[in-house]
Amino acid sequence: MARITASVYTSHVPAIGAALDLGKSGEPYWQKVFSGYEASRAWMREHTPDVIFLVYNDHATAFSLEMIPTFAIGTAAEYAIADEGWGPRPVPKVIGHPELASHIAQSVIQDDFDLTIVNKMDVDHGLTVPLSLLFGPRDPVKDAWPCPVIPFAVNVVQYPVPSGRRCFALGQAIRRAIESFDRPLNVQIWGTGGMSHQLQGPRAGLINREWDNRFLDRLIDDPAGLAQMPHIDYVREAGSEGIELVMWLIARGAMADVAGGPKPKVAHRFYHVPASNTAVGHLVLEN
Ligand code: DHB
Ligand code: FE
């Protein structure tokens, strides 16, 4: 059977991708950000999974106001890198895992969650920046990402957004789905986006270190309690884009302890302000 071996959480700031792509990662400003990922890149080399189930949000790239799926699972064989206005990032295309993705869609929909099935979509910085952070620079032509990825897009851009409670329960359904796939795959689940940031309006630039660190503490030790927090608290305390953090609860809900197993081991924790307008948070939890 397939197993979820770890969950990884990270911010997805697009400027991080630009810093890598333009060769600026050695600059002092960016070095402080990337230094927090050195240990997890080494960890990842030792723990490269067979598949990553990557929870992220699309930023009006694949979807627009014409169509707004709350939860969308990618079942395609591959995904092109989106052009977000400056041309597509120079990174390899993303290879999918249609068999596992279809199995998860079947299981999770029958488990009462309404997913949108997406057979064709481009992926933006929400998905590619976490891959770059954890795997390092990759030549778009000569290299490939080390494993297939199942993109799972959550709407946190256009209201109404899903609750943390719903996301946490969905993570549990995703766990049941993955662990009922009859091939011995090592699967990681990633929760991405956040931490506190607001990109617009009078509060643009808002960062809340204390709240972010409390979020990390509770994500580790009290995820069920954290999942009860209403969306308005994210927006008030962590800024309008801080709501991206509900996606971390999907990954956390898929961990063994939530299903009665042992507590996860914290393999790595990092917090840094700022990268662009955002507080960067990063966690690696092993099952
Ligand atoms: C920034 C952060 C985001 O999450 C995003 O989607 C776009 C920009 C930023 O901090 O610049
Ligand atoms: Fe974002």
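We use all heavy atoms of the structure for the numbers below, so side chains are in, but hydrogens, waters and symmetry mates are not. Counting convention: from 1, in listed order, for ligands and their atoms alike.
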When you check the gap from the basic side-chain N to the acidic O, do Arg252 and Asp222 get nearer than 4.0 Å?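 Salt bridge between Arg252 and Asp222, a charged N being under 4.0 Å from a carboxylate O: no.
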Check this for me: does any side-chain nitrogen of one of Asp233 and Arg236 sit under 4.0 Å from a carboxylate oxygen of the other?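 Looking at Asp233 and Arg236, the cut-off is met.
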Enumerate the atoms of ligand 1 whose separation from the nearest heavy atom of [X] is less than 4.0 angstrom.
X: Asn277; answer: 9 (C), 10 (O), 11 (O)
X: His197; answer: 2 (C), 3 (C), 4 (O)
X: Val13; answer: 9 (C), 10 (O)
X: Pro14; answer: 1 (C), 2 (C), 3 (C), 5 (C), 7 (C), 8 (C)
X: Ser276; answer: 9 (C), 10 (O), 11 (O)

Compute the angle centred on the Fe ion (ligand 2) spanning OE2 of Glu244 and NE2 of His12, and express it rounded to 10 degrees.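 Result: 100°, to 10°.
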So which heavy atom in the protein is nearest atom 10 (O) of ligand 1, and how far is it from that ligand atom?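 The closest heavy atom on the protein side is Thr278 OG1, 2.6 Å.
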Please step through side chain to side chain contact (heavy atoms under 4.5 Å, CB included) for the pair Thr5 and Asn287, ending with a clear verdict. CA-CA 5 Å; Thr5 53; Asn287 256 339; 5.6 Å; no
Regarding His125, does it place an N, O or S atom less than 2.8 Å from the Fe ion (ligand 2)?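 His125 does not place any N, O or S atom closer than 2.8 Å to the Fe ion (ligand 2).
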Would you call the rings of Phe152 and Phe53 parallel, tilted or perpendicular, where under 30° means parallel and over 60° means perpendicular?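 Tilted.
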Are the side chain of Trp190 and the backbone of Tyr56 linked by a donor-acceptor contact shorter than 3.5 Å?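 Side chain of Trp190 to backbone of Tyr56: no pair is present.
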Okay, side chain of Trp145, backbone of Ile95: is any donor-acceptor separation there less than 3.5 Å?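 Here the side-chain-to-backbone pair does not exist.
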Is ligand 1 less than 4.0 angstrom away from at least one heavy atom of Ala15?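 No.
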Any heavy atom of Glu241 closer to ligand 1 than 4.0 angstrom?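 Under 4.0 Å: no for Glu241.
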Nearest 0.5 Å, what's the CD1-CG distance between Ile16 and Leu20?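 Result: 8.0 Å between the selected atoms.
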